[in-house]
2 protein chains.
Amino acid sequence: MKEIRVLLVDDHQIIIDGIGALLNSTDGIKLLNAASNGKEALEILKILSVDVVLMDIDMPIMNGLDAAKQMKRNHPDTKIIMLSMHSEQSMIRELIQMGVDGYLLKNTTKEELVNAIKKVNGGGQYFSAEVTLRLMETQAERAQHQVEGVELTNREIEILKLIADGYTNKEIGVKLFISHRTVDSHRTNLMKKLEVNNVAGLINYAIRHGFLT
Amino acid sequence: MKEIRVLLVDDHQIIIDGIGALLNSTDGIKLLNAASNGKEALEILKILSVDVVLMDIDMPIMNGLDAAKQMKRNHPDTKIIMLSMHSEQSMIRELIQMGVDGYLLKNTTKEELVNAIKKVNGGGQYFSAEVTLRLMETQAERAQHQVEGVELTNREIEILKLIADGYTNKEIGVKLFISHRTVDSHRTNLMKKLEVNNVAGLINYAIRHGFLT
DNA sequence: ATCAAATTAGGGTAAATACCCTATGTGATT
DNA sequence: AATCACATAGGGTATTTACCCTAATTTGAT
């Protein structure tokens with residue numbers, strides 16, 4: 001039987017080493033190069049033939065979300081499993097709509113990981129039980145702000161980071177040499193785009209999308 | 001030469017499996033049971049003799065910070081290496097003052113990990129280069145709110161979570177059947193305890209200490 | 001039984017945010 | 001030339017937060 005060619009994408013070297021050690025001792029799975037962010041992963045996909053991409057969501061330079069989007073466009077046959085260290089409630093729906101084939105939460109075991117890789121390689125989907133649960137809960141309870149396809153401008157991201165760092169509009173204005181009213185405008189636009197209505201919502205978004213180190 | 005007995009503490013099963021696979025293939029290191037939170041780890045320490053504890057900071061039930069504090073009190077000979085997935089700026093000083101023997105950031109390699117374990121087992125300290133750098137930067141630039149030995153009450157933690165979820169004082173009051181002025185009192189106390197002065201600071205604390213799933 | 005901590009709650013005020021609105025300049029695209 | 005996205009900025013207002021203060025009640029521990 002042909003080996004499943006797996007590309008590992010994670011900015012945590014220790015996880016690459018760890019999962020690498022796990023998968024290399026598994027028959028039927030061949031681990032290719034590892035990439036430390038989405039951009040690198042896309043470069044590798046241009047060169048190598050990959051069956052399954054195992055990718056973290058939170059990464060610098062290019063996050064897993066954007067990377068998955070591009071991969072599905074350029075390499076529709078390559079399967080993608082997202083491996084998330086947090087449990088991002090609202091993002092899961094977006095990923096599924098995007099066509100991601102699997103989603104594993106942090107408390108995955110070696111067995112589940114191997115199982116998931118084999119399943120998606122065979123054309124199936126694999127979502128851990130916790131994800132499925134959370135999905136239904138999201139559907140039922142929450143107003144589920146999906147915020148699909150939202151794009152923030154550079155200035156907005158810059159200001160979002162400063163808000164998350166605890167600076168007030170006035171302080172941000174001084175820092176960026178603009179009026180605090182302008183900062184307020186950006187803040188309002190951010191909240192409208194992200195469908196939240198206070199600073200807590202903004203920060204939660206910033207965290208989920210890796211704007212905070 | 002005697003093997004180094006290592007206890008792994010992490011709530012991410014995949015990391016336990018991964019690092020487990022790494023360390024089991026390393027001569028001179030014997031991996032004991034793994035624990036998924038600080039409380040479990042302390043239970044294991046009561047029973048087994050452990051040379052080095054390798055522990056994540058963000059964990060449910062009992063986080064790495066509190067666990068390390070207790071370990072240093074009850075088992076002063078056991079060495080502790082903190083393994084952090086984020087890069088928490090302000091926490092590092094606190095850990096060092098607490099007597100933690102090593103601190104590794106997420107982008108650690110297998111080599112560095114093994115190196116660190118051997119070094120602290122021999123009575124030394126090991127801090128990754130990035131940590132040292134960040135430490136000096138913290139010392140120079142930031143106001144470095146250390147917040148050492150701060151303890152939050154159950155009610156405070158409950159309210160902190162709700163604030164981080166984006167609820168206003170009024171909404172929290174309705175939820176908990178108390179006056180919004182009481183919520184404000186708790187909010188004020190939280191900010192005083194944590195030495196921050198707005199909701200962003202509170203949320204950042206909540207995240208660093210794993211109060212947010 | 002007593003004491004300390006936790007939780008409750010309010011008075012008062014200044015600052016900041018949230019949320020409407022309009023409007024201008026700039027640079028890229030068509 | 002016209003359009004559009006972006007960044008800029010202000011008017012106005014209601015709400016919320018931040019930060020002082022005091023104080024009563026509850027709860028748990030010695």
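In what follows, every chain begins at residue 1, and chains take the letters A, B, ... in the order their sequences are listed.
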- Axis-to-axis angle between the two ends of the helix from C:dA1-D:dT30 to C:dT30-D:dA1 (five base pairs per end, rounded to 10 degrees): 50°

- Query: Can you check the B:Leu176 CG to C:dA9 P distance for me, whole Å?
  - Reply: 10 Å

- When every nucleotide of nucleotides 12-21 of chain D is labelled 5' to 3' by its protein contacts under 4.0 Å (heavy atoms), B for base, S for sugar-phosphate only, - for none, what sequence of letters results? B---SSBB--

- Task: Provide, to the nearest angstrom, the distance between the CD atom belonging to A:Glu156 and the C1' atom belonging to D:dT8.
- Result: 13 Å

- Are any non-hydrogen side-chain atoms of A:Leu194 and A:Leu152 less than 4.5 angstrom apart? yes

- Message: What is the separation between atom CG on A:Asn154 and atom P on C:dG27, rounded to the nearest whole Å?
- Response: 16 Å

- In whole angstroms, how far is the P atom of C:dT17 from the CD1 atom of A:Ile163? 8 Å

- Message: Tell me whether the side-chain N/O atoms of B:Arg155 come closer than 4.0 Å to OP1 or OP2 in C:dA5.
- Response: no

- Query: With a 4.5 Å limit on heavy-atom distance, are the side chains of B:Asp11 and B:Asp56 in contact?
  - Reply: yes

- Query: How far apart are the closest heavy atoms of B:Ala41 and B:Val9, and which atoms are they?
  - Reply: CB-CG2, 3.6 Å

- Between D:dC6 atom C1' and A:Leu152 atom CG, what is the distance in whole Å? 13 Å

- Could you state the atom-to-atom distance from CD1 of B:Ile178 to C1' of D:dA24 in whole Å? 16 Å

- Whole Å only: how far is the CD1 atom of A:Ile159 from the P atom of D:dT8? 7 Å

- Message: Measuring to OP1 and OP2 of C:dT8, would you say a side-chain N or O of B:His186 lies under 4.0 angstrom away?
- Response: yes

- Task: May I ask you to test the A:Met55-A:Ile80 pair for a side-chain heavy-atom distance under 4.5 Å?
- Result: yes

- Query: Is there a side-chain contact between B:Ile117 and B:Asp51 (heavy atoms, below 4.5 Å)?
  - Reply: no

- Message: D:dG10, OP1 or OP2 - any side-chain N/O from A:Ser179 closer than 4.0 Å?
- Response: yes

- Item | B:Arg155 side chain near B:Thr182 side chain, heavy-atom distance below 4.5 Å | no

- Item | Under the side chain to side chain contact (heavy atoms under 4.5 Å, CB included) test, residues paired with B:Lys118 that sit two or more places apart | B:Ile4, B:Val114

- Message: C:dT8, OP1 or OP2 - any side-chain N/O from B:Thr182 closer than 4.0 Å?
- Response: no

- Query: Under 4.5 Å between any side-chain heavy atoms of B:Thr78 and B:Val52, yes or no?
  - Reply: no

- Task: Could you tell me whether the side chain of A:Leu160 reaches within less than 4.5 Å of the side chain of A:Tyr205, counting heavy atoms only?
- Result: yes

- Using whole Å, report how far CG of A:Asn189 lies from P of C:dA18. 13 Å

